[in-house]
Structures are given as structure tokens and as C-alpha cells.
Amino acid sequence: MAGEARRIVLLGAPGSGKGTQSVRLASALGVPAVSTGEMLRAAVSAGTPLGERVGDILATGELVDDATMAEVVRERLAQADANRGCVLDGYPRTRAQADTLDAILEATGVSVDAVILIEVPEPELVRRALGRQRADDTEEVIKTRLEVYLENTAPLIEHYRRRGLLQPVDGDRPIPEVAAAILATLEVAA
Ligand code: AP5
């Protein structure tokens, strides 16, 4: 199905490899990887008004509010490079965000094509996140991000399963193997 427009959501706990895989998948599909975590971190580094608003929230591992995220994602998906699709990493993270994403896509006559759930056991998630040593990767913040994920984002698994969009992939293996499994699931030639 390479060549067709694709709108793929990557779902998974913090440290499951969404960022790592989104870049690879986006490149295979010829669409942009849209990482809300990276966009927010870039805004904080650049000291933009958005960055000033969300800096403290990122530092604690809590979620930025849905209205702010809607603005960020709506603006990003309106850019020309996202016309043919995108790989979303880190959005949606709440049921309200999932509904907003549907509304944004429906406004241009498209919809989410697939949701890849990257599954990794919790001890491995913590090991990976601690190994990365970003400013918001301290043990305490990682713990908060995991709790926030379980409470707010994990319910989306059932939401997308019911819609027939969920495709689970074992993320507890080497990066190229996970990438190949995602492509195979989506029936994209490597
Ligand atoms: P975000 O950056 O999205 O944080 P996250 O979901 O916690 O994701 P991570 O970046 O920690 O993990 P990942 O799954 O992308 O894994 P990665 O590929 O990096 O968001 C940060 C913050 O922004 C949030 O806490 C929140 O405050 C805010 N935010 C963002 N989006 C928001 C939204 N929609 N709503 C509200 N707030 C929002 O991999 C992790 C490490 O493991 C790397 O070192 C990598 O090299 C390694 N690794 C990856 N795959 C493998 C593998 N297969 N084997 C071994 N190592 C691997």
C-alpha cells in the first residue's frame, strides 16, 4: 500500500519506542513524523510563548491541556507536508484528544488508518528512559509519566480496538525488528 496517503497513530507507554519507530515508519511511507513531545521540547528550548506555558508541565511528566494540544496538532497537520499523511507519535493521549484528532482529519475528508500499539514490559520501559538522560527523564518524572499513561492514555487501546484500528506489535526486541514488524503489519514493503 506504499504510495497511498497514510495517517498512522503510534500508541505506547513512555519509552516504548514511539519516537524511534515514528521516524523510520514516516520515512518508509514518505510522510512526516509528528512528535508532540519533540514539538513541545523544541518550544521550551526556543523560549516561545507555547514553550513558556508548557515548560513546567513537561518537567513534571503531567499532560499539557487538551485545548493547547489541539492547537499545536491542528496547526502542524495543516502544513503542506502532512497532506499525504503523517505518523503521529505522542498524540492522542486522552479520549478528548482522540476525538479532536478525528475532527481535524474529518474536516479534510480523511481519518486515522491504523493505530500501532508498541508493547514493552514496564522494567524495560524504565531501563530505556533512564538510559536516555533527557532533562525530563529522571526516575521520578518517568514514574509520573507511566502513571499518567496508565490513567489517561491506556484507555485509548480499547477505544481503537473497538473501532478495528488497533494493531499490537511486540516492541521488546531490537529496533530494526520492531520496525520490520510495523511495516509488515501495515503491509508496507521494507
Ligand atoms: P513524549 O516525548 O511523547 O514522551 P513519552 O510518551 O514519555 O515518550 P518518550 O519520548 O519517553 O518515549 P518513546 O515511546 O518515544 O520512546 P523513544 O523512541 O524515545 O512527551 C513528553 C512530554 O510532553 C509528556 O510527558 C507531556 O508532558 C507532553 N506531551 C507530549 N504530547 C502530549 C499530548 N498529546 N498531550 C499532553 N501532553 C503531551 O525510546 C526511548 C529510548 O529507548 C531511547 O533511548 C531509544 O533509543 C531506546 N529504544 C527505542 N526502541 C528500542 C528497542 N527496540 N530496544 C532498545 N532500546 C530502544
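Every number for a ligand or one of its atoms is a count from 1 in the order of the listing. Bear in mind that the values here come from a model prediction, so they are computed numbers and not experimental data.
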Below 4.0 Å from any atom of ligand 1, is there a heavy atom belonging to [X]?
| X | answer |
| --- | --- |
| Ala129 | no |
| Arg41 | yes |
| Ser35 | no |
| Ser16 | yes |
| Glu38 | no |

Within residues 91-105 or reaching into it, pairs that qualify as salt bridge (charged side-chain N to carboxylate O under 4.0 Å, His left out) - sequence neighbours excluded: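 Listed by first then second residue: Arg95-Asp99, Asp102-Arg163.
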
Which ligand 1 atoms are under 4.0 Å away from a heavy-atom of [X]?
| X | result |
| --- | --- |
| Ala13 | 14 (O) |
| Thr20 | 17 (P), 18 (O), 39 (O), 45 (C), 49 (C) |
| Gly171 | 53 (N) |
| Gly19 | 13 (P), 15 (O), 18 (O) |
| Gln97 | 33 (C), 34 (N), 35 (N), 36 (C) |
| Glu62 | 26 (C), 27 (O) |

Short side-chain donor-acceptor distance under 3.5 Å, Asp66 and Thr100: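 Not at all, the side chains of Thr100 and Asp66 share no donor-acceptor pair under 3.5 Å.
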
Among Val73, Leu10, Asp136, Leu40, closest by any non-hydrogen atom to atom 38 (C) of ligand 1: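 Nearest heavy atom to atom 38 (C) of ligand 1 lies in Leu40.
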
Partners passing side-chain hydrogen bond (donor to acceptor under 3.5 Å, both in side chains) against Thr153 (at least two apart in sequence or in another chain): none

